[in-house]
Number of protein chains: 4
Amino acid sequence: MSASKRQQILDTALVLFVQQGLEGAATAKIAREAGVATGTLFHHFSNKQALIAALYLEIKQELADRLPALRADQPTREMACRMWQAAMAWALDHPDKIRFLLAYYQSPVLTPATRRTAKFDTLGFVLELIKMGQARGELAPYPHELMMEACHSLFMASAGYFIDHPEQAADPRQQEGAMAIFWNALAAPGHRLP
Amino acid sequence: MSASKRQQILDTALVLFVQQGLEGAATAKIAREAGVATGTLFHHFSNKQALIAALYLEIKQELADRLPALRADQPTREMACRMWQAAMAWALDHPDKIRFLLAYYQSPVLTPATRRTAKFDTLGFVLELIKMGQARGELAPYPHELMMEACHSLFMASAGYFIDHPEQAADPRQQEGAMAIFWNALAAPGHRLP
Amino acid sequence: MSASKRQQILDTALVLFVQQGLEGAATAKIAREAGVATGTLFHHFSNKQALIAALYLEIKQELADRLPALRADQPTREMACRMWQAAMAWALDHPDKIRFLLAYYQSPVLTPATRRTAKFDTLGFVLELIKMGQARGELAPYPHELMMEACHSLFMASAGYFIDHPEQAADPRQQEGAMAIFWNALAAPGHRLP
Amino acid sequence: MSASKRQQILDTALVLFVQQGLEGAATAKIAREAGVATGTLFHHFSNKQALIAALYLEIKQELADRLPALRADQPTREMACRMWQAAMAWALDHPDKIRFLLAYYQSPVLTPATRRTAKFDTLGFVLELIKMGQARGELAPYPHELMMEACHSLFMASAGYFIDHPEQAADPRQQEGAMAIFWNALAAPGHRLP
DNA sequence: AATGAATGAGCGTTCATTCAT
DNA sequence: GATGAATGAACGCTCATTCAT
């Protein structure tokens with residue numbers, strides 16, 4: 001029951017944060033909507049910031065858990081594309097989680113520490129993929145951080161676009177287009193899509 | 001004097017919003033820091049949301065004003081690159097403005113109307129450029145909105161990256177890398193950078 | 001009007017603090033009872049502690065202002081007695097103020113700085129009187145701080161006793177008794193009352 | 001074990017009340033610090049007020065237990081002085097208990113009933129001593145309550161002074177001074193210290 | 001007896017906004 | 001236009017207390 005109350009709070013917070021903003025969603029409102037007492041929220045999260053950070057990390061972790069594992073025996077392009085597809089499928093299944101990430105990735109309420117955890121602890125294998133692809137000459141030789149930012153921003157932008165335009169999201173040619181943009185942005189010459 | 005007070009308020013609001021968040025920066029604090037009375041802020045902006053929207057549009061307009069005009073007699077790649085360079089130079093000169101856009105582009109406090117104005121009224125020529133490039137076969141034939149999202153997100157991500165890593169921003173090869181990622185993401189086969 | 005609102009708040013706070021305790025008297029209750037808005041209280045006092053400290057110092061200052069000035073040409077006993085009588089007369093006129101001092105003199109919410117200000121800035125001349133009396137051999141030669149504590153505590157205890165027993169307060173023999181206890185506690189042998 | 005948990009709670013409560021005030025010390029904090037569960041505190045004390053009252057009475061009783069018994073065959077002065085010395089020795093050994101009494105003796109959270117119990121049940125023999133001393137003509141003939149208040153307040157003030165100035169507490173002349181102030185305050189003429 | 005998650009009224013405080021000057 | 005004292009609803013959070021285990 002207690003674990004479930006914690007989860008009810010996280011689920012409700014996600015919806016309200018996306019609908020009404022971080023400050024628009026009062027802790028009392030979240031608790032009421034989640035069917036728990038105000039105090040219960042603060043029993044599980046020491047303050048509102050901690051709730052936001054926990055939600056952010058939970059989402060990032062959930063996404064990371066859905067991605068296929070790195071395999072050294074496959075071409076980078078194939079792995080990147082399978083990852084993109086898995087991530088996009090998850091995104092379309094969880095539009096609010098994407099909206100949350102989009103809206104608050106840059107918010108000053110998220111501490112640098114939280115962002116760092118998300119980037120390196122839960123999504124660190126993206127960095128591994130980039131390094132491997134560059135070592136093999138399949139990815140362009142730009143700095144890792146720049147590559148990761150491009151990767152992250154293209155994915156989030158595409159996911160946001162598809163979520164806001166569900167009719168396009170169902171069109172395989174658009175999905176292929178988004179993935180092509182992503183791959184061509186990062187690929188080395190000779191490895192790009194036609 | 002009155003025009004200058006309005007501007008003082010906008011300048012101070014920018015700094016405080018970036019440092020402390022939209023709700024962390026109270027109107028009274030902004031007014032005090034700007035050296036005007038609380039009431040004066042509400043003479044110039046009918047409420048806090050209006051101040052935020054005005055700031056957002058002012059920044060977008062300022063960026064648009066710094067970009068070179070579209071010219072039908074030049075290759076798309078050349079124009080896109082000059083635009084990228086001009087935009088990036090402005091971004092590095094105005095880091096707080098970029099941080100503001102990054103942090104609040106997706107915030108629920110910005111109304112869709114404000115976002116639309118920014119996209120089509122002040123940066124509408126980006127859409128023109130994309131259409132022209134596609135008509136000429138120099139850009140890949142993906143949907144306009146998707147192209148614009150990719151364009152916007154890559155620029156903002158790169159600008160954010162360079163602002164957070166000033167030592168990299170000074171390196172011309174990194175600048176070229178960021179631009180190559182951007183161009184290759186959108187270019188048609190046969191027009192990509194080597 | 002503004003000065004008067006501040007004073008209304010102090011006056012109401014005194015009554016409520018004495019009746020219901022420092023924490024029993026909510027700021028909202030004080031404001032409502034004082035006929036001002038909640039925010040107004042915080043416009044005049046930056047927080048509840050500051051209100052308490054201001055009230056404490058105001059009372060101490062008011063008492064100090066009612067006491068006769070030191071005069072080097074009078075015997076210590078005469079001056080001490082006139083001071084005692086003036087202070088006691090004020091105390092009986094302002095029972096709530098005495099109750100406030102009695103109840104919160106030792107409270108952890110009062111900072112040492114506030115206590116120090118009260119002791120030395122507003123009632124510093126008591127120390128002068130003690131030093132003078134000792135120099136003349138009319139007061140016992142104990143450490144100043146100990147003398148001041150005895151003086152303070154006997155006055156407060158007597159005032160509290162008379163306030164709680166108004167019928168005794170009107171009896172001049174009891175008043176003389178209290179003063180005799182006070183004077184004999186501090187006087188040097190040969191200067192005591194018979 | 002149960003008796004010991006009750007005592008652990010009382011011991012911890014004393015420290016926290018003195019450090020952080022009656023309301024600053026939450027029951028949950030007291031319980032945690034005492035190494036027991038929240039609920040356990042409420043098994044032993046029906047509510048927070050009862051805990052405070054129990055602590056107050058326990059301290060008063062402990063002090064009373066340390067004082068020498070009344071003896072009709074000794075001069076009042078000798079008995080008063082031995083009592084003062086025993087009480088002061090206990091006070092210096094238990095500074096927090098004295099601080100607790102000092103801080104909350106007048107607090108509205110203590111009910112008059114609790115105060116009365118402390119005064120007459122546990123320290124009733126002070127009243128006996130005063131009556132005896134007056135009957136013998138060794139104490140001044142002022143009302144009993146006034147005498148008790150003076151006695152109580154001088155002791156508490158002196159104890160507080162010595163606790164805050166440990167270096168003075170070790171000086172026998174200062175100790176004698178404090179006791180002389182006390183005795184001379186109450187003694188009849190002819191029985192005072194030189 | 002002992003536990004600690006859960007409760008929800010109530011707290012101190014903030015802040016966008018108004019309006020008399 | 002400019003001011004800043006005043007407002008009061010709303011906020012994040014606390015905490016004495018309960019109760020199922």
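All chains are named by letter (A, B, ...) in the order of the sequence lines, taking the proteins before the strands, and each is independently numbered beginning at 1.
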When you check the side-chain N and O atoms of D:Ser4 and D:Gln8, is any donor under 3.5 Å from an acceptor? yes

Verify the distance criterion only: is there a donor paired with an acceptor across the side chains of D:Thr111 and D:Thr114 at less than 3.5 Å? yes

Report the base-pairing partner of E:dA1 (Watson-Crick or G-U wobble, both distances below 3.5 angstrom), or none. none

Using 0.5 Å steps for rounding, measure from the CG atom of D:Leu57 to the CD atom of D:Glu62. 12.5 Å

B:Ile30 atom CD1 is separated from E:dT17 atom C1', nearest whole Å, by 14 Å

State the pairing partner of F:dC11; accept Watson-Crick or G-U wobble contacts with both distances under 3.5 Å, and report none otherwise. E:dG12

d(CD, A:Gln8; P, E:dA5) in whole Å: 16 Å

Which nucleotide in the set F:dT3, F:dG8, E:dT7 lies at the smallest distance from any side-chain heavy atom of B:Ala37? F:dT3

If you assign each of A:Gly24 and D:Ala28 to its closest nucleotide in DNA chain F, which residue comes earlier from the 5' end? A:Gly24

Looking only at side-chain N and O atoms, does C:His43 come under 4.0 Å of OP1 or OP2 in F:dA5? yes

In whole angstrom, what separates B:Arg6's CZ from F:dG1's P? 12 Å

Rounded to the nearest Å, what distance is computed from the CG atom of residue A:Leu16 to the C1' atom of nucleotide F:dC11? 15 Å

May I have the distance from D:Phe42 (atom CZ) to F:dC15 (atom P), rounded to whole angstrom? 12 Å

When rounded to the nearest 0.5 angstrom, what is the spacing between CG in A:Leu14 and NZ in A:Lys97? 6.5 Å

Expressed in angstrom and rounded to an integer, what is the separation of C:Asn47 atom CG from F:dC13 atom C1'? 16 Å

Whole-Å distance between F:dC13 C1' and A:Leu51 CG? 13 Å

Which nucleotide, E:dG8, F:dA5, E:dT13, lies nearest any side-chain atom of B:Thr38? F:dA5

Taking only side-chain nitrogens and oxygens of A:Lys5, does any of them come within less than 4.0 Å of OP1 or OP2 of E:dG4? no

Let me know, please, whether B:Glu23 or A:Leu41 comes out on the 5' side of the other along DNA chain E by nearest nucleotide. A:Leu41

Determine: side-chain N/O of B:His44 to OP1/OP2 of F:dA2, distance under 4.0 Å, yes or no. yes

Choose from E:dC15, F:dG12, E:dT3 the nucleotide whose nearest atom is closest to any side-chain atom of B:Ala26. E:dC15

Toward the 5' end of DNA chain F, which comes first, B:Gly39 or D:Lys48, by nearest nucleotide? B:Gly39

Taking CZ from B:Phe45 and C1' from F:dA2, how many angstroms apart are they, rounded to a whole number? 15 Å

Parallel, tilted or perpendicular, as decided by the 30° and 60° cut-offs, for the rings of A:Phe17 and A:Tyr104: perpendicular

Report yes or no: does D:Lys48 contribute a side-chain atom to a donor-acceptor pair with the main-chain N or O of D:Leu22 at less than 3.5 Å? yes

Would you say A:Thr40 reaches E:dT7's phosphate, i.e. side-chain N/O to OP1/OP2 under 4.0 Å? yes

Looking at D:Thr27, I'd like to know whether one of its side-chain N or O atoms comes within less than 4.0 Å of OP1 or OP2 on F:dC15. no

For E:dA20, which nucleotide is its Watson-Crick or G-U wobble mate, given both distances must be under 3.5 Å? F:dT3

